[in-house]
Amino acid sequence: MTAEPALLHVASVFSIRSHFPALERTEAGRPVAFFDGPGGTQVPSAVAGAVTDYLLHHNANTHWSYPTSVETDAMLAAARSALGDFLGGDPAEIVFGANMTTLTFHLARALARGWAEGDEVVVTELDHHANVDPWRALAKEKGIVVKTAPLLGGTAQLDLDALARLLGKRTRLVAVGAASNAVGTINDVPRVAALARANGSLVFVDAVHYAPHALVDVKALGADFLACSPYKFYGPHAGVLWGRRELIEKLDVPKLRPAPEQSPDRLETGTQNHEGIVGCGAAVEFLASLAGPAGERRVRLARTFSALHERGEALFARMWAGLGAIPGVTLYGPPPGARRTPTVGFGVKGRASEEVARALVPRGVFVSHGDFYATTLVERLGRAADGLVRAGAACYTTEDEVDRLVAGVREIARN
Ligand SMILES: Cc1ncc(COP(=O)(O)O)c(C=O)c1O
């Protein structure tokens, strides 16, 4: 059999695994299989090394003339440039912050300073509430009307025709997720963006669950703003916001008078998490390095993501088939072959989600459970009381781990 070109040129899963010390962990004598990537992935040595190196050898505040401060400026600029390559945007459009939620609240408040009472924002039932509640907060703060695009009845897919009908002359912004963190659905963001643009509305994209699985291209997606969280793609706990420069420069942002006016600094409040930002850049470098040293970083990232996508599809198909064959297991979200991430949400008849997650621990299988703040979706799926069990494949996930997950759930469902 001939391997696909993308797989040929990217590090094998076994070589990838050697970068992650966490994978040496055991639980009850078994190696741990981490399926909790959608909540936060493990971190390669290079990322931890970059964080430590910054703290131990370059630690300073910015914009002064002595060497550690100059080095700090250069290291933050290098991380901004890496994230620019990662998202397909200009480094001057990359804003760092504590996490996606905080950045989104901050942006929403700044945008609303330019909106009037009665102006409208469209959110969706599929989204994580970090892309719902910062917009809903504007109802209280500014009298903004928030409309919610529904799911197609009984599914975990957005009803895009219904979304289109919500757009009107007062719609200032459409807030949409690129992928569902609970069940993996990938949305047709370019279509949503085209609808919004034709209506004269801005588009904010939550790419937190999408960015670990597909190479973001802010222009191809049609976004005006897009946020992601590097701790979901092998980086430290931090958040990143990309925005079109002319929009960032126009924003009436809450800021201190002496703080810089230019983009992106005007959106970054106070002293940043320098070590975290340096680690974010290292996470992008790590992903690019999986495709070898040759070529520009964005090109190498494209090769890496193409290979990870192929592997993810195969792992997901195995997970879906294995779990789906177990009596009493209900799977949610689109089946293999549909546009989705390798994240599965499921329930086991007669077993609480928390119970399933706990029973998998002695088998060395770590999964998360609950509603993952995709609360409305989980309610619509009829699982408000108990939530879902969630298992996500990451770049270090093997077929053997998937088989251990499936075998564990089979035993739990039987007993
Ligand atoms: C899809 C999605 N959006 C937003 C968030 C919130 O991100 P953060 O923790 O960086 O605020 C998460 C976190 O799980 C998420 O999965």
Side-chain angles (χ1 to χ4, degrees), residues 34-43 83 86-87 94-109 123-137 149 151 156-158 174-187 189 192 203-214 216 221 223 225-242 267-269 272-273 276-277 279-280 283 332-334 339-345 366-378 381 387-394:
F34 290 94
F35 284 101
D36 60 342
T41 46
Q42 301 308 314
V43 169
L83 267 295
F86 185 73
L87 299 177
I94 301 291
V95 180
F96 289 105
N99 48 53
M100 177 274 183
T101 305
T102 307
L103 284 166
T104 307
F105 267 112
H106 188 45
L107 176 71
R109 198 162 283 141
V123 300
T124 89
E125 287 190 341
L126 189 64
D127 273 76
H128 186 291
H129 273 240
N131 196 22
V132 175
D133 296 340
W135 308 109
R136 285 219 173 114
L151 299 169
Q157 302 277 358
L158 277 182
V174 178
V176 68
S180 157
N181 63 313
V183 296
T185 316
I186 292 184
N187 289 322
V189 173
V192 175
V203 184
F204 176 90
V205 179
D206 172 359
V208 172
H209 185 63
Y210 181 86
H213 302 292
V216 172
L221 288 173
F225 296 98
L226 177 143
C228 62
S229 306
Y231 72 92
K232 313 275 194 188
F233 51 88
Y234 319 109
H237 292 96
V240 173
L241 171 71
W242 168 88
L267 264 172
E268 293 180 342
T269 46
Q272 294 292 302
N273 172 7
I277 293 172
C280 293
Y332 296 92
R339 288 204 67 216
R340 57 146 38 259
T341 66
T343 296
V344 64
F366 288 8
V367 296
S368 30
H369 72 279
D371 69 12
F372 321 107
Y373 286 17
T375 314
T376 309
L377 167 67
V378 173
L381 295 175
L388 302 170
V389 186
R390 180 179 68 181

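In what follows, residues are counted from 1 in the order of the sequence shown. In listed order, ligands and their atoms are each counted from 1.
The residue from A179, G177, A211, S229 that puts a heavy atom closest to atom 10 (O) of ligand 1 is S229. In the candidate list L126, D206, V240, V132, D206 is nearest to atom 1 (C) of ligand 1, counting heavy atoms.
Within the structure, side chain to side chain donor-acceptor pair (under 3.5 Å) pairs that include any residue of residues 366-375 comprise D371-T375 (at least two apart or interchain).
Short contacts between ligand 1 and Y231, defined as distances under 4.0 Å to a heavy atom of the residue, involve ligand atoms 7 (O), 8 (P), 9 (O), 10 (O), 13 (C). Listed by number with element, the atoms of ligand 1 under 4.0 angstrom from any heavy atom of A130 are 4 (C), 6 (C).
Between the side chain of T124 and the backbone N or O of D127, at least one donor-acceptor pair lies under 3.5 Å.
The two atoms that bring A182 and A374 nearest to each other are CB-CB, 3.9 Å, heavy atoms only.
Contact annotation for F372 and ligand 1: no heavy atom of the residue comes within less than 4.0 Å of the ligand.
Between F204 and T104, the closest side-chain pair of non-hydrogen atoms falls below 4.5 Å. Side-chain atoms of V205 and V216, non-hydrogen and from C-beta on, never get closer than 4.5 Å to each other. Counting only heavy atoms from C-beta outward, the side chains of T343 and H213 approach each other to under 4.5 Å. For the pair F96 and C280, the minimum side-chain heavy-atom distance is below 4.5 Å.
In terms of protein heavy-atom proximity, atom 15 (C) of ligand 1 is closest to H128 CD2, 3.2 Å. Atom 16 (O) of ligand 1 has its closest protein heavy atom at N181 CB, 3.2 Å. What sits closest to atom 11 (O) of ligand 1 on the protein, heavy atoms only, is T101 OG1, 2.5 Å. Distance from atom 13 (C) of ligand 1 to its nearest protein heavy atom, with residue and atom name: K232 NZ, 3.1 Å.
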Could you walk me through whether H129 and T376 pass the side chain to side chain donor-acceptor pair (under 3.5 Å) test, one step at a time? CA-CA 8 Å; H129 273 240; T376 309; 2.9 Å; yes
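Taking only nitrogen or oxygen atoms, main chain and side chain alike, M100 reaches within less than 3.5 Å of ligand 1. Polar contact with ligand 1: absent for T102 (N/O pair, distance under 3.5 Å). Considering backbone and side-chain atoms alike, H209 places every N or O at 3.5 Å or more from each N or O of ligand 1.
For N131, the closest heavy-atom approach to ligand 1 does not fall below 4.0 Å.
Here NE2 of H209 is found 11.0 Å from NE2 of H128. Values are rounded to the nearest 0.5 Å.
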